[in-house]
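I have placed the structure first, in the form of structure tokens, so that the comments after it can refer back to it.
When a ligand or atom number is given, it counts from 1 through the structure's own listing order.
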Amino acid sequence: MSYELCKKVRDLTPYDPLQGNYDLRLDANESYLPLSADLKAQAAKIAAEAALNRYPDPYAEELCTAFGDYYGVDSNLVTAGNGSDEIIGLIVGALLQKGEKIANLSPDFSMYRFYGEIYENPVIQIPKGEDFRIDPQAVIREVKRQDVKMLIFSNPCNPTSVGLEAEEVRKIVRGVDALVVLDEAYMDFWNQSLLLEVSDYDNLIILKTCSKAIGMAALRVGFAVANENITKALKAVKSPYNVNSISQAIAACVLRDKAFLQRCEEEIIASAKNLKEGMDGLAAKYPVLEKVFESCTNFVYIKTAAAKEIYQKLLKKSIAVRCFGGYLRISTDSIDNNRRLFTALNEILSEPTAQ
Ligand SMILES: *Cc1c(COP(=O)(O)O)cnc(C)c1O
């Protein structure tokens, strides 16, 4: 017997998020809010009564209808996935021919590049400008010059928390002869969505997720919204039973509770503002925190040469955040827990070694 793994996967290591118990988990941009007692009871009933011997609805119709009603889009233009991660892989793997180029705006969400490489599509990095601003004309020029077939980016961006206004995004979508995959995972926290105009374009797919503002990361539910033509293709290429029955039913039930979701959204936006203000205060006091970026999301992004050191010291205090080279990304929690973070950072930054 002789078998060797192909080169592209031989040296890959699995995505390894932080595991273990920490008092504060501020590292994954999840919602910190639990379901209401009423929704918890409904979810328990759904789980207890599910027909586990039967395959799920392949098109997740009840779920897509609930999503469509919540966001005001036609549910016929919605495809459900096992998290938007699955849909990113599906789009890259099925809507591009092998070898066709993908463009990323760098820095951005790491999964875009990962799937491009797995499916053997060259991934071109178009660097963002100063303070991670996106220049639509520069993006359009590069996409044309390099004959890119698919441009994918998040807006607002993870990890930078910076947002691009809708009119600027429209310029990009109209200006390129390529598929644009616009990941609006965090758009519930900002107001510059293109969701309601998706059918005006022949080259736009918008990704949404239940993992952030909707507060159900555990269920693994995401969506692609696109015109009829693209939606038909996505439904044809997805695996038939990609979203499990329990996730479909519970997510539909939560999406129908608009008042609950509205309250959660308002509370998270208020606590994210509190987080930003608290970090601005710390940055004014400790110059090692060089810059706190303007946030359009439920997290903040901070430039600091001491990122790694601060990250490790926070872990010792049972607070988990994300560290990217010379940057920290910190998700918001409740105002009380944000205060705990500020206290911990004050302790860390006032030690003489951190300066
Ligand atoms: C968290 C996140 C997602 C969501 O992924 P799921 O697979 O739906 O949990 C998608 N895109 C970005 C940019 C994210 O940060």
Notebook entry, point to check: If you group Ile, Leu, Val, Met, Phe, Trp and Tyr by side-chain heavy-atom gaps below 4.5 Å, do L24 and I348 land in one group?
Noted result: yes
Item checked: Row check, F293 ring normal vs K291 NZ/CZ: under 6.0 Å, within 45° -> yes
Check: So, E277 and K273, do they make that salt bridge, N to O below 4.0 Å?
Finding: yes
Note to self: Given a heavy-atom cut-off of 4.0 Å, could you list the residues near ligand 1 in chain and number order?
What the structure shows: G83, S84, D85, F109, Y112, S154, N158, D183, A185, Y186, T209, S211, K212, R220
Check: Of the options F109, Y301, F299, which is the one that meets Y186 in a ring pair (Phe, Tyr, Trp, His ring centres under 6.0 Å)?
Finding: F299
Next item on the list: Could you tell me whether D131 and R133 make a salt bridge, using a distance below 4.0 angstrom between a side-chain N and a carboxylate O?
Entry: no
Checklist line | Option among N298, N337, N338 that satisfies the side-chain hydrogen bond (donor to acceptor under 3.5 Å, both in side chains) test with T332 | finding: N338
